[in-house]
Amino acid sequence: MDVFFYIIIFIIGTLFGSFYTLAIYRIPKGQDITHTHSYCPNCEHKLGFWDLIPVFSYIFLGGKCRYCKEKIRPRYFILEIISGIFFVIVAYLMNLSIERINVTAIIEYIFIILYFTFIILMAGIDKENRKINKSVTMYGVIISIIYIVYLCIIDITSIYRYGIYLVLYIIVLLLDTVTLKKMAINKYVYSIVLSVITMAIFSGEYATILSVITTLLAIAIYELFIKLKNSGKSKKTEKNVADKISIGFYLAIPNIIYFIWILAFYKFLV
């Protein structure tokens with residue numbers, strides 16, 4: 001029975017993964033992500049039902065568009081698989097099953113999926129464009145506020161802790177509004193700060209701190225590699241390389257890993 005339950009969860013996860021790939025492609029272009037029919041990015045032919053089955057369509061079509069035969073980027077297939085696996089892992093670590101399911105567990109699971117959606121959209125768009133769209137950032141802020149209200153209702157003792165996060169949100173958003181007109185360069189920085197606050201609310205302070213440390217180490221190693229590779233070139237070139245690092249993407253990967261690790265810790269060791 002549990003196997004059937006987790007198969008359903010995996011399928012739902014792949015469907016979300018398919019949506020993520022669409023959103024990551026369309027949001028930076030300002031295109032609709034809910035009503036416009038799916039189409040091939042190359043030939044713009046509308047895709048049929050058999051072209052939109054997560055994971056299987058990619059396999060059966062040989063990684064190519066049915067109409068123009070252009071290769072489909074592997075990221076679509078990979079993200080659908082990762083999304084399905086994440087949905088199953090979280091459900092398992094939360095002890096979700098048909099026999100043990102309850103309202104509180106469902107609500108917690110939904111919030112985790114909403115957070116995962118934010119993380120994936122932030123990371124995917126940042127990886128492709130070195131940019132975090134304001135709509136994605138605000139989505140993260142909104143679900144965080146709703147989650148805080150929920151947590152304060154079920155656990156009144158946490159109200160002061162989450163009140164601090166709300167104050168931080170307000171301060172960063174005010175600074176963003178006041179200074180963006182004068183210093184547009186800060187837009188990316190503010191988006192990163194807001195994203196880190198969202199991470200802390202959902203994944204906890206420890207996972208967030210570890211994510212930041214891991215990200216800084218990864219960036220430092222990457223920049224060291226680039227400097228060694230470009231030794232002898234101008235400092236301007238090095239600066240341009242540094243400006244292209246997708247910090248949001250580097251933050252997202254370790255945060256998901258640490259988040260799962262913490263869930264596993266509470267399941268098996270606590």
Side-chain angles (χ1 to χ4, degrees), residues 1-25 33 38 49-61 63 72-125 127 136 139-140 143-144 146-147 150-151 198-199 201-204 206-208 210-211 214 248-270:
M1 188 65 72
D2 281 352
V3 173
F4 178 75
F5 175 77
Y6 288 125
I7 289 175
I8 297 297
I9 293 294
F10 178 80
I11 293 173
I12 294 173
T14 61
L15 289 171
F16 270 80
S18 181
F19 167 75
Y20 297 152
T21 60
L22 177 148
I24 290 169
Y25 175 79
I33 62 173
S38 297
F49 174 79
W50 299 108
D51 305 316
L52 297 172
I53 302 175
V55 180
F56 291 103
S57 289
Y58 184 91
I59 295 173
F60 293 146
L61 293 173
I72 302 171
R73 297 178 66 177
R75 77 169 190 186
Y76 293 95
F77 175 76
I78 295 171
L79 187 50
E80 288 170 356
I81 290 289
I82 290 175
S83 181
I85 292 173
F86 179 85
F87 273 52
V88 171
I89 289 176
V90 172
Y92 172 72
L93 293 178
M94 291 181 66
N95 294 315
L96 287 180
S97 69
I98 295 177
E99 294 83 7
R100 296 187 296 271
I101 203 163
N102 59 74
V103 175
T104 302
I106 292 174
I107 293 174
E108 289 287 344
Y109 187 76
I110 289 174
F111 273 118
I112 291 174
I113 297 310
L114 291 174
Y115 172 64
F116 181 69
T117 299
F118 162 74
I119 282 290
I120 291 297
L121 295 184
M122 177 198 72
I125 293 174
K127 180 67 170 61
V136 174
Y139 163 75
I143 62 170
S144 296
I146 295 173
Y147 187 52
Y150 166 74
L151 290 176
T198 302
M199 288 180 182
I201 292 171
F202 280 97
S203 63
Y206 292 116
T208 304
L210 288 172
S211 299
T214 303
F249 174 76
Y250 282 100
L251 274 170
I253 295 176
N255 185 254
I256 292 173
I257 294 172
Y258 290 129
F259 182 79
I260 292 174
W261 180 80
I262 289 174
L263 285 179
F265 175 81
Y266 280 102
K267 177 179 175 63
F268 296 113
L269 298 178
V270 176

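Scope of the values below: all heavy atoms of this structure, side chains included, with no hydrogens, waters or symmetry mates.
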Are the side chains of Ile146 and Leu114 in touch, meaning some heavy atoms are under 4.5 Å apart? no
Nearest-0.5 Å distance that lies between atom CG in Leu79 and atom CZ in Arg73: 11.5 Å
If we only count heavy atoms from C-beta on, is the Phe116 to Ser83 side-chain gap below 4.5 Å? yes
Could you please spell out the steps behind the side-chain contact (heavy atoms from CB on, under 4.5 Å) verdict for Ser18 and Leu52? CA-CA 8 Å; Ser18 181; Leu52 297 172; 5.7 Å; no
Heavy-atom closest pair, residues Ile262 and Ala207: CD1-CB, 3.5 Å
Run Ile143 and Phe202 through side-chain contact (heavy atoms from CB on, under 4.5 Å) and show every step you take. CA-CA 10 Å; Ile143 62 170; Phe202 280 97; 4.0 Å; yes
Is the number of heavy atoms from other residues, nucleotides or ligands under 6.0 Å of Tyr150 OH greater than 12? yes
Take Thr214 and Tyr258 through the side-chain contact (heavy atoms from CB on, under 4.5 Å) test and state the conclusion after the steps. CA-CA 10 Å; Thr214 303; Tyr258 290 129; 2.7 Å; yes
Run the side-chain contact (heavy atoms from CB on, under 4.5 Å) test on Ser203 and Tyr115 for me, step by step, so that the C-alpha distance in whole Å, both residues' side-chain angles and the decisive distance to 0.1 Å come before the verdict. CA-CA 9 Å; Ser203 63; Tyr115 172 64; 4.1 Å; yes
I need the Phe19 CZ to Ser38 OG distance, nearest 0.5 Å. 10.5 Å
Distance, nearest 0.5 Å, that separates CD1 of Ile59 from CD1 of Ile53: 11.0 Å
Closest heavy-atom pair and its distance - Tyr76, Thr21: CD2-CB, 3.2 Å
Name the one of Ile112, Leu96, Ile9 that satisfies side chain to side chain contact (heavy atoms under 4.5 Å, CB included) with Val90? Ile112
Correct closest heavy-atom pair for Ile98 and Phe5 would be CG1-CD1, 3.6 Å
Please list, chain by chain and in numerical order, all residues satisfying side chain to side chain contact (heavy atoms under 4.5 Å, CB included) with Thr117, sequence neighbours excluded. Phe16, Tyr20, Ile113, Leu121, Tyr139
When you compare the side chain of Met122 with that of Thr198, does any pair of heavy atoms fall below 4.5 Å? no
Give every residue pair that meets the salt bridge (Lys or Arg N to Asp or Glu O under 4.0 Å) criterion with at least one member in residues 106-120, sequence neighbours excluded. none
Atom CD1 in Ile24, atom CD1 in Ile120: separation rounded to 0.5 Å? 6.5 Å
Taking Tyr266 for its side chain and Leu93 for its backbone only, find out whether a donor-acceptor pair lies under 3.5 Å. no
Of all residues at least two apart in sequence or in a different chain, which pass the side chain to side chain donor-acceptor pair (under 3.5 Å) check with Thr14? none
State the CZ-CD1 distance between Phe10 and Ile89, to the nearest 0.5 angstrom. 10.5 Å
Please verify the inter-ring angle class for Tyr92 with Tyr6; under 30° counts as parallel, over 60° as perpendicular, anything in between as tilted. perpendicular
